Q: 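This is the structure I want to talk about, given as structure tokens.
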Amino acid sequence: MKAVLLDRDGVINALVYHEDAGVIDAPFKRSQFKLLPRVPEAIRLLNDMGLKTAIVSNQPGIAKGHLKPTMLKAFERRMLSEIRSGGGHIDRIFYCRHHPKAKRRDLRQTCRCRKPEIGLLEIAAAELHVSLAECYMIGDGIPDLLAGSRAGCRTIFIGRWKCEICQFTEAPHVRPAFVAKDLWEAARLIRSEMTGTGQVASSPNCLVAQA
Ligand SMILES: [Mg+2]
Ligand SMILES: [Zn+2]
């Protein structure tokens, strides 16, 4: 394998509960952007294995009027600098900024890059000069697994073993290669798989799905 494609929200940074709207979503404000534990170390581990890294992220917040493009850039600077302080390096960042029901007309479209479509993954692989079959796709949502699997990537789901959505990951085209509780664990699973060492528990069922 040559590269790792990473979802952003819920993988790199924490999701945020927006009290006013009563929804869990991406951060909209500066104070809401917080890197998840051990993310810089995880990225560094991937770097050390010689894997290229790219973020592939749906960011419809600008289209929906939740934040300005400058805020998305500010999050990006903060993310990259915190990862850099931990010795890690992200090669490229790709966003889908579209949404079919966007407030902003210029971003209102049914595009090919919004996951679960595979356009963003195709662009990322092309720019990293790797094939999609040489990529891991890591995400915490069904659209990440669907896009990854449609694109021919090896998928890793970030989630809890006893999770609400694991019932949906049992379908053959959604089922991830691995379930990891965070990016650090995902990076270690990748290392085990690539070096052929250690115990790799492949295709685990979640407790709910088994019940
Ligand atoms: Mg996510
Ligand atoms: Zn798009």
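The first residue in the sequence is number 1, and the count goes up from there. Here the structure is a predicted model, which is why all the values come from computation and not from measurement. First listed ligand is number 1; within each ligand, the first listed atom is number 1.
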Q: Between N58 (side chain) and K115 (backbone), is there a donor-acceptor pair under 3.5 Å?
A: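 Yes; at least one donor-acceptor contact below 3.5 Å.
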
Q: Share the residues that join V130 in a hydrophobic cluster, the rule being Ile, Leu, Val, Met, Phe, Trp or Tyr side chains under 4.5 Å apart at the heavy-atom level.
A: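 Answer for V130: L5, V56, F94, L120, L121, I123, L128, L132, M137.
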
Q: List, one per line, each side-chain donor-acceptor pair under 3.5 Å for residues 16-26, sequence neighbours excluded.
A:
| unit_1 | atom_1 | unit_2 | atom_2 | d |
| --- | --- | --- | --- | --- |
| H18 | NE2 | A26 | O | 2.7 |

Q: Within the distance-only criterion (no hydrogens, no angle test), does the side chain of R104 pair as donor or acceptor with the backbone N or O of A63 below 3.5 angstrom?
A: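 Absent.
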
Q: Do you see a donor-acceptor pair shorter than 3.5 Å between the side chains of Q32 and N13?
A: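 Side chains of Q32 and N13: no pair found under 3.5 Å.
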
Q: Would you please test K52 and L46 for side-chain contact (heavy atoms from CB on, under 4.5 Å) and show each step?
A: CA-CA 8 Å; K52 294 177 182 176; L46 298 172; over 6 Å; no

Q: With the threshold set at 4.0 Å, does a side-chain nitrogen-carboxylate oxygen contact exist between E117 and R114?
A: no

Q: Taking 2.8 Å as the distance threshold, tell me the number of protein N/O/S atoms next to the Zn ion (ligand 2).
A: 4

Q: Within less than 2.8 Å of the Mg ion (ligand 1), how many protein N/O/S atoms are there?
A: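 With waters ignored, the protein N/O/S count below 2.8 Å is 3.
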
Q: Sort out for me which residue in H99, R97, H98 forms a side chain to side chain contact (heavy atoms under 4.5 Å, CB included) with C111.
A: H98

Q: Do any N or O atoms from the side chain of D7 and from the backbone of I138 form a donor-acceptor pair under 3.5 angstrom?
A: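 No, D7 side chain to I138 backbone: no donor-acceptor pair under 3.5 Å.
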
